[in-house]
Amino acid sequence: MKTTVIIIKRGAGYISTVHGQFGGGHQGAKCGLTPFEAATKAAQLMLRYATTNPEGGSLMAPDEVKSLVPEHLHEIAGNGQPD
């Protein structure tokens with residue numbers, strides 16, 4: 001299963017939900033109060049979960065967050081090779 005990193009605005013800040021290859025990840029974790037903090041965490045999560053998944057991964061986030069994440073981390077193609 002392809003990794004999905006989801007960032008949403010909740011209250012005064014942002015939270016993240018990640019579903020990895022084998023169901024690993026987390027749900028509803030605080031990931032920053034500002035768009036920059038949330039974008040930094042989103043980039044870290046994409047690097048941690050999507051680059052290690054043979055099927056790759058996708059980032060879903062509000063525009064104010066996604067625009068701050070490096071473009072090459074919005075979608076990571078899978079390599080088809082099991083880890």
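Since this is a predicted model, take the numbers as computed values, not measurements. Numbers here simply count residues along the sequence, with the first being 1.
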Backbone N/O of Lys66 and side chain of His74: donor-acceptor pair under 3.5 Å: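 At least one qualifying donor-acceptor pair exists.
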
Side-chain (Asn53) to main-chain (Met1) donor-acceptor, under 3.5 angstrom: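 A pair under 3.5 Å: yes.
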
Inter-residue atom distance Gln27.CD - Thr17.OG1, 0.5 Å rounding: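 Reported value, rounded in 0.5 Å steps: 5.0 Å.
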
More than 12 heavy atoms of other groups within 6.0 Å of Lys9 NZ: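 Count over threshold, so yes.
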
Side-chain H-bond candidate by donor/acceptor type, Ser58 with Glu75, under 3.5 Å: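 The answer is yes; a qualifying pair exists.
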
Donor on one side chain, acceptor on other, His26 and Ser16, under 3.5 Å: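 Short answer, yes.
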
Co-members of the apolar cluster containing Val69 [side chain, <4.5 Å]: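 Reading the cluster by chain and number, Val69 sits alongside Val5, Ile7, Tyr14, Val18, Leu45, Met46, Leu47, Tyr49, Leu59, Val65, Leu73, Ile76.
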
Under the side-chain contact (heavy atoms from CB on, under 4.5 Å) test, residues paired with Leu33 that sit two or more places apart: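 For Leu33, the residues satisfying side-chain contact (heavy atoms from CB on, under 4.5 Å) (neighbours in sequence not counted) are Glu37.
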
